[in-house]
Amino acid sequence: MRSVGPIKISGSVLEEKISVPLATYETPLWHSVGRGARVSTLTDGIKTTVVDERMSRSILLEADDAYEALQALNSIKSRMADINEVVAQSSRFAKLIDMNSQIVANLIYLRLEFTTGDASGHNMVTNAADRIIPWVLSEYPQLRYSSISGNYCSDKKATAVNGILGRGKYVVSEITISRELCERRLKTTPEKVVDINIKKNLIGTMVAGGLRSANAHYANMLLAFYLATGQDAANIIEGSQGIVHAEVRGGDLYFSCTLPNLIMGSVGNGKGIDFVEENLAALGCKEERQPGENARRLAAICAATVLCGELSLLAAQTNPGELMEAHLKLER
């Protein structure tokens, strides 16, 4: 584990320079993120925007047939207030904000979506769902229990549903880099970065059959950040589903990373370990704030970190031999 930065971050969530801890065996990652961080300090900063936040659990119920399932489902979805009374018995922080559903034959896949304060919310939403199911079965005796999780959540799997409906923090990080800075610090041009993003990240991922994903190595930065801050590392599966977008604007480079499935929290399971608490405190994510604000801050910092590493790697790959030369120098 090593501290990298500082990264200059702007936006509504935080406006400051901050160093980030990254735990990894991929030792060139510190240098790659570090290069992106240095570039950020020479600009107006990496602007981060938290677009949405929610945690989901999909319960699976059965009826005798599809029509019976539809009738029950329509009634359940009209009773949000009643269900939130049940949810309140399980947690002070969990609140049901939406329900989405799919009917397959006689099966009801009901995706329950909650806000969960500063926790990532895995256990919180499952606990809430565990309370909701007995209530539903008592109110709708024509339904039967099948599973507490029907995979329509979708937890730790590369699916389309999370990017469409949202799971975790939906964060966008953006930066504008002058042509001169691109050439001097990244050894490339805005046009080359745009070109490689189209041909590698967009077309290459399509050729490979990628699912709602167009990036070079989100997973590297996410795993390092998750391990250093006490997150459930398996969530990099859906977390690494994200899109890089780049444009040439007036001769400068506009570069962005969209991360729709950042699942993380500043409290909960995985926290309490000494180095994790120290890292979260150093990131300013253990302060007395309104519920959810520390977790949003953590997600914004994570998204900026991902941008730093993504920008640096794409810039390196515009130059033949640079990527391997760096790995040989740093790892061999």
Side-chain angles (χ1 to χ4, degrees), residues 13 48-60 77 80 83-84 87 90-91 93-102 108-130 132-133 147-173 210-215 218-219 221-223 225-226 229-243 257-270 291-303 305-306:
V13 180
T48 56
T49 303
V50 179
V51 176
D52 187 54
E53 56 183 314
R54 62 190 63 218
M55 176 53 72
S56 60
R57 176 59 66 207
S58 69
I59 60 175
L60 179 54
K77 292 173 83 170
M80 185 86 78
I83 297 174
N84 259 320
V87 173
S90 71
S91 170
F93 300 105
K95 183 177 180 182
L96 183 68
I97 58 172
D98 204 356
M99 288 185 274
N100 283 280
S101 60
Q102 293 280 314
I108 299 173
Y109 293 82
L110 182 58
R111 194 176 195 265
L112 306 164
E113 300 174 358
F114 305 81
T115 54
T116 57
D118 280 310
S120 64
H122 288 106
N123 292 332
M124 195 183 293
V125 301
T126 305
N127 190 33
D130 233 8
I132 291 170
I133 289 173
S147 176
I148 183 65
S149 176
N151 272 13
Y152 185 46
C153 309
S154 174
D155 188 27
K156 300 166 186 170
K157 287 166 277 291
T159 63
V161 70
N162 291 335
I164 296 168
L165 297 180
R167 191 166 200 264
K169 305 288 191 294
Y170 190 134
V171 191
V172 178
S173 53
L211 188 60
R212 287 191 65 87
S213 201
N215 64 77
Y218 277 17
M221 287 73 73
L222 289 177
L223 180 59
F225 192 90
Y226 275 32
T229 60
Q231 312 304 318
D232 189 335
N235 283 127
I236 69 166
I237 294 173
E238 63 264 53
S240 62
Q241 290 180 287
I243 297 168
C257 293
T258 297
L259 299 104
N261 312 317
L262 269 186
I263 298 169
M264 57 177 48
S266 59
V267 298
N269 203 28
E293 289 186 6
N294 280 325
R296 282 189 287 276
R297 177 185 171 91
L298 189 65
I301 295 169
C302 181
T305 304
V306 169

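Starting from 1, each residue takes its place in the sequence as its number.
- Taking 4.5 Å as the limit, some side-chain heavy atom of Ile133 sits within range of a side-chain heavy atom of Ile148.
- Between Met99 and Arg111, every side-chain heavy-atom pair lies at or beyond the 4.5 Å cut-off.
- Between Lys156 and Glu238 there is no salt bridge, since none of the side-chain N atoms of the basic residue sits less than 4.0 Å from a carboxylate O of the acidic one.
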Quick one, Asn100 with Glu113, criterion side-chain hydrogen bond (donor to acceptor under 3.5 Å, both in side chains). Give me CA distance, side-chain angles, the key distance, then yes/no.
CA-CA 8 Å; Asn100 283 280; Glu113 300 174 358; 3.1 Å; yes
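- Using a 4.5 Å heavy-atom cutoff, the side chains of Tyr152 and Leu165 are in contact.
- With salt bridges taken as basic N to acidic carboxylate O contacts below 4.0 Å, one links Arg54 and Asp52.
- With a 4.5 Å cut-off on side-chain heavy atoms, Tyr170 and Thr258 count as touching.
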Is there a side-chain hydrogen bond (donor to acceptor under 3.5 Å, both in side chains) between His122 and Asn269? Walk through the geometry before answering.
CA-CA 9 Å; His122 288 106; Asn269 203 28; over 6 Å; no
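- The residues Arg167 and Asp155 are annotated as salt-bridged, a charged nitrogen and a carboxylate oxygen being separated by less than 4.0 angstrom.
- In this structure a side-chain-to-backbone donor-acceptor pair under 3.5 Å is missing from Arg57 to Ala129.
- Residues passing the side-chain contact (heavy atoms from CB on, under 4.5 Å) test with Thr305, sequence neighbours excluded: Ile7, Val20, Leu22, Val33, Phe225, Ile301.
- No donor-acceptor pair closer than 3.5 Å links the side chain of Asp118 to the backbone N or O of Ser266.
- Residues Tyr109 and Ser101 are not in side-chain contact: their nearest non-hydrogen atoms beyond the backbone lie 4.5 Å or more apart.
- Within the 4.5 Å cutoff, side-chain heavy atoms of Leu259 are placed close to those of Tyr218.
- Within 6.0 Å of atom CG in Asp130, more than 12 heavy atoms from other residues, nucleotides or ligands are found, so the atom counts as buried in its surroundings.
- Between Leu112 and Val125 there is no side-chain heavy-atom pair separated by less than 4.5 Å.
- Using a 4.5 Å cut-off on side-chain heavy atoms (C-beta onward), Phe114 and Ile97 make no contact.
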